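See structure below.
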Amino acid sequence: MKMTLARSLLFCAVALPLSAAWAGDAVRLDCLTRQNVLISFFKYHLTTMKWGNHFQIASGVRKTQTKAGKRYEVISFRNGDDLIYFPANERYYLIYADQQKPERCQTEESFTYPVVSLPRYDGKANS
């Protein structure tokens, strides 16, 4: 029995760091037109874009490739903007809803959001 407990503890010690919770990833872009743009990627292909006091959402990712065979992803936001990402060279482009020409954005930083445990709401007002 002692051996089983030791094995269980060893398994937990190895497995817990590998199963760390993931809330989402983000990249901060510097785009000529909008300057500081924060793109956040969450589970189930939910993506958000924030710049200044503006906030947009997108659902889904379209994966395709150029005629030359370069793979890229397109995320279409509700306001008509498209974010284009080339994974091979980690480049981002924005095509604004009212324009045809893509604008290249520079990656300022990328990070992972920490998991937050929210308090349980039981329906009772705190007075």
Side-chain angles (χ1 to χ4, degrees):
M1 179 139 173
K2 218 176 202 185
M3 190 60 151
T4 305
L5 180 60
R7 283 185 183 169
S8 297
L9 290 174
L10 178 62
F11 175 77
C12 288
V14 171
L16 283 177
L18 298 176
S19 65
W22 173 80
D25 293 320
V27 62
R28 188 172 309 280
L29 303 174
D30 181 21
C31 305
L32 185 62
T33 302
R34 293 191 181 151
Q35 284 88 38
N36 187 4
V37 179
L38 178 64
I39 306 291
S40 301
F41 306 96
F42 301 101
K43 289 183 180 179
Y44 310 111
H45 299 290
L46 173 67
T47 305
T48 63
M49 175 171 59
K50 182 184 181 318
W51 74 99
N53 291 328
H54 303 279
F55 183 81
Q56 291 293 320
I57 61 170
S59 178
V61 176
R62 220 171 45 241
K63 295 183 179 187
T64 189
Q65 62 186 15
T66 65
K67 290 180 183 178
K70 287 188 174 185
R71 296 176 190 260
Y72 67 95
E73 301 172 359
V74 179
I75 299 171
S76 297
F77 290 91
R78 300 281 298 167
N79 67 344
D81 291 351
D82 288 326
L83 177 70
I84 300 171
Y85 173 64
F86 286 86
N89 53 11
E90 298 183 357
R91 288 193 178 158
Y92 290 91
Y93 297 84
L94 268 172
I95 299 178
Y96 302 110
D98 58 348
Q99 298 178 4
Q100 295 293 319
K101 186 178 177 186
E103 178 178 282
R104 182 162 180 220
C105 300
Q106 299 296 321
T107 302
E108 294 293 315
E109 70 173 316
S110 58
F111 56 92
T112 299
Y113 287 111
V115 174
V116 176
S117 295
L118 299 175
R120 180 176 168 86
Y121 176 72
D122 61 4
K124 298 177 185 175
N126 294 334
S127 39

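These numbers were taken from a predicted model, which means no experiment stands behind them.
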List the atom pairs, donor and acceptor, that lie under 3.5 Å between side-chain atoms in residues 53-63 and the rest of the protein, sequence neighbours left out.
from, atom 1, to, atom 2, distance (Å)
Gln56, OE1, Asn79, N, 3.1

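Under the rule for a side chain to side chain donor-acceptor pair (under 3.5 Å), the partners of Arg34 that lie at least two apart in sequence or sit in another chain are Asp81. With sequence neighbours excluded, the residues satisfying side chain to side chain donor-acceptor pair (under 3.5 Å) with Ser40 are Tyr113. Applying the side chain to side chain contact (heavy atoms under 4.5 Å, CB included) criterion to Arg71, with sequence neighbours excluded, gives Gln65. Not counting sequence neighbours, the partners of Asp82 by the side chain to side chain contact (heavy atoms under 4.5 Å, CB included) test are Val74, Ser76, Ile95. For Thr64, the side chain to side chain contact (heavy atoms under 4.5 Å, CB included) partners two or more places apart in sequence, or in a different chain, are Tyr72.
Listed by first then second residue, pairs satisfying side-chain hydrogen bond (donor to acceptor under 3.5 Å, both in side chains) with a partner in residues 89-104 read Thr33-Glu103, Tyr96-Glu103, not counting sequence neighbours. Applying the disulfide (SG to SG under 2.5 Å) test to residues at least two apart or on different chains, the pairs with a partner in residues 31-63 are Cys31-Cys105. Counting only residues at least two apart or on different chains, no disulfide (SG to SG under 2.5 Å) pair has a member in residues 52-95.
In this structure, CD on Glu108 lies 11.0 Å from CD on Gln35, to the nearest 0.5 angstrom. Expressed to the nearest 0.5 Å, how far OG1 of Thr47 lies from CG of Leu83 amounts to 8.0 Å. Once rounded to the nearest 0.5 Å, the distance linking OG1 of Thr107 with CZ of Arg28 reads 12.0 Å. For the atom pair CD of Glu109 and CG of Leu38, the computed distance is 8.5 Å after rounding to the nearest 0.5 Å. Distance check: Leu94 CG to Ile75 CD1 gives 10.0 Å after rounding to the nearest 0.5 Å.
Lys50 places a side-chain N or O within 3.5 Å of a backbone atom of Gly52 that can act as its donor or acceptor partner.
Other members of the cluster containing Leu32 do not exist, because no ILVMFWY side chain is joined to it at under 4.5 Å.
The two residues Val37 and Trp51 come nearest to each other via the heavy atoms CG2-CB, 4.1 Å.
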